[in-house]
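Below: one structure, written as C-alpha cells.
Since the model is a prediction, treat every value here as computed from it, not as a measurement.
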Amino acid sequence: MSRSIAAPQPLLRSLLQTRPRAQQQQCQRLLSTHPSSHTPRRPTPSQRSAAFPPSAPAKPKQHVLEQRRYKAKTVEEAKSRYRTGPFSWKAGLLFVLTSAGLVWYFEHEKKRMQRKRVAEATKGVGRPKVGGEFELVDQDGKTFSSRDLRGRYSLVYFGFTHCPDICPEELDKMARMFDLVEAQSPDALTPVFVTCDPARDDPQILKAYLAEFHPRFVGLTGSYEQIRDVCKSYRVYFSTPRDVKPGQDYLVDHSIYFYLMDPEGDFVEALGRQHSPEQAARVILDHMKDWKGSWKQ
C-alpha cells in the first residue's frame with residue numbers, strides 16, 4: 001500500500017519549484033497595478049503608434065435624397081387627401097386649360113391652311129385666272145382701272161340697277177359686310193359694284209342707285225364690250241336679251257357671287273349666298289390677317 005500511494009520524487013520536486021515562481025509573478029503583477037511615486041517615462045514613438053494606431057481619413061458626408069411625405073395635420077385633411085388621390089383641382093384645371101389651348105391652336109392652324117389653299121388655288125399653273133386688268137368709268141364719270149384697287153382688298157359684285165329682288169338683297173348684305181370689316185380694319189377694303197347692263201346703267205343712275213345702300217360703294221360701267229371683257233375675266237355669267245327696243249324693260253341673268261381680291265389684284269375667294277354677313281366678314285378679316293404683303297397708305 002505505502003508503495004503504491006507514494007508519489008514519485010521527481011514529480012514532487014517539479015511542483016515545489018514551479019509554485020513559488022507563479023506566486024512571484026502574481027505578486028509582481030499586483031505591484032505593477034499600484035501607482036508609483038516615481039515620474040512615469042515618456043512612451044517612445046513606436047509605443048505611441050502601437051497604442052494609438054493612425055485613424056482612417058474621414059469620409060465625406062454623402063447627401064442622401066429622402067422622399068418628403070405629406071403629413072396631414074388633422075384626420076379630416078388626411079381623409080380629404082386620400083379621396084382626391086395624387087391629383088388636385090389645380091392639376092385638373094391646368095390639364096383642361098392646356099387641352100383647350102392645344103385644340104384652339106390646331107383648329108386655328110387648320111383654318112389658316114385651308115384659307116391659304118383657297119387663296120393659292122387660282123395661282124397654280126394650268127388653272128384659270130379669275131380677275132385681270134380693266135378700265136371702266138365710275139359713278140362720277142371718272143376713269144377707274146384695276147390699278148386703283150391695288151394696295152387694298154376689294155370685294156367685287158356684278159349686277160344691274162333694274163334687278164327686282166336679288167341685287168338689292170345682296171347689296172344690303174355687302175353694305176353690312178363692309179361695315180363689319182371697316183370696324184376692325186379701317187380703309188382696308190374697297191366695295192365695287194360692276195353693272196352687267198351698261199345700256200341702262202350710266203354713271204348718274206349708278207350714283208343714285210348705290211347711294212341708297214352705302215356711300216362708300218364704287219360703281220363701274222362702260223361700253224358693252226368693256227363689260228363683256230370684265231365679266232369674262234372674272235368668270236361671271238351674264239346674258240342680255242337680243243333685239244331689245246329702246247325703253248323696253250328686261251331682266252339680265254348673272255352670277256351671284258362676291259369676288260374677294262387681294263391687294264395685288266389676285267383672286268382670293270368667292271363668297272356666295274350661303275355666307276351670312278357676319279360669316280363673310282370673318283372670312284375677309286381672316287384673309288387680311290394672313291396677308292404678308294404691303295398695304296396702300
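The main-chain N or O of Ser146 is never found under 3.5 Å from a side-chain atom of Glu133 such that the two would form a donor-acceptor pair. Checked by atom type and distance alone, the side chain of Gln139 pairs as donor or acceptor with a backbone atom of Gly219 at under 3.5 Å. No donor-acceptor pair under 3.5 Å is formed between the side chain of His254 and the backbone N or O of Ser239. Looking at Lys173, its side chain does come within 3.5 Å of a backbone N or O of His275 through a donor-acceptor pair. In this structure a side-chain-to-backbone donor-acceptor pair under 3.5 Å is present from Thr195 to Asp197. No donor-acceptor distance shorter than 3.5 angstrom exists from the side chain of Glu169 to the backbone of Ile166, with no hydrogens or angles considered. Of the possible polar contacts, one joining the Asp138 side chain to the Asp140 backbone as a donor-acceptor pair under 3.5 Å is found. Proximity of a side-chain donor or acceptor of Ser185 to a complementary backbone N or O of Glu182 within less than 3.5 Å is not detected.
Inter-residue side-chain proximity for Tyr237 and Cys231 is flagged as unmet; no heavy-atom pair is nearer than 4.5 Å. Counting heavy atoms from C-beta outward, Arg273 and Glu170 have side chains that approach closer than 4.5 Å. Counting heavy atoms from C-beta on, the side chains of Pro277 and Asp172 never come closer than 4.5 Å. For the pair Leu220/Phe193, no side-chain contact is recorded, criterion being any heavy-atom separation below 4.5 Å from C-beta on. By the 4.5 Å heavy-atom criterion applied to side chains, Ile284 and Leu155 are counted as neighbours. Side-chain atoms of Pro203 and Val137, non-hydrogen and from C-beta on, do get closer than 4.5 Å to each other. Looking only at side-chain heavy atoms (C-beta outward), Arg152 and Asp187 come within less than 4.5 Å of each other. Within the 4.5 Å cutoff, no side-chain heavy atoms of Val192 are placed close to those of Phe217.
Below 30°, between 30° and 60°, or above 60°: for Tyr153 and Trp295 the angle between ring planes is between 30° and 60°, a tilted geometry. Aromatic ring pairs are classed by plane angle as parallel below 30°, tilted from 30° to 60° and perpendicular above 60°; the pair Phe144 and Phe134 is parallel.
Between Pro263 and Ser294, the shortest heavy-atom distance links the atoms CB-O, 4.1 Å. Nearest heavy atom pair, residue Tyr209 against residue Cys167, reads OH-CB, 4.1 Å. The minimum heavy-atom distance linking Arg150 with Gly265 is given by the pair NH1-CA, 3.8 Å. The two residues Gly222 and Pro198 come nearest to each other via the heavy atoms O-CB, 3.0 Å. For the pair Tyr259 and Arg235, the tightest heavy-atom approach, listed with the atom from each and the gap, is OH-O, 3.8 Å.
Under the 4.5 Å side-chain heavy-atom criterion for grouping Ile, Leu, Val, Met, Phe, Trp and Tyr, Val130 is connected to Leu149 within one hydrophobic cluster. Note: the hydrophobic cluster containing Ile256 also contains Leu260 (ILVMFWY, side chain heavy atoms under 4.5 Å, direct or indirect links). Linking ILVMFWY side-chain heavy atoms closer than 4.5 Å, directly or via other members, places Tyr224 and Val252 in a single hydrophobic cluster. In the hydrophobic clustering of ILVMFWY residues, with side-chain heavy atoms under 4.5 Å counting as a link, Leu180 and Met177 come out apart. Taken together through direct or relayed side-chain contacts under 4.5 Å among Ile, Leu, Val, Met, Phe, Trp and Tyr, Val283 and Tyr157 form part of one hydrophobic cluster.
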Run the side chain to side chain contact (heavy atoms under 4.5 Å, CB included) check on Phe158 and Val230 step by step: do they pass? CA-CA 10 Å; Phe158 293 83; Val230 173; 3.8 Å; yes
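Checked by atom type, the side-chain pair Asp179/His214 shows a donor-acceptor distance below 3.5 Å. Between the side chains of Tyr250 and Arg200, at least one donor-acceptor pair of N or O atoms lies under 3.5 Å. Side chains of Thr161 and Asp201: a donor-acceptor N/O pair is present below 3.5 angstrom, by distance only.
For the pair Arg228 and Phe238, the cation-pi criterion (under 6.0 Å, within 45° of the ring axis) is not fulfilled.
Tested against Leu206 for a side-chain contact (heavy atoms from CB on, under 4.5 Å), the candidates Thr221, Val194, Val218 yield a single pass: Thr221.
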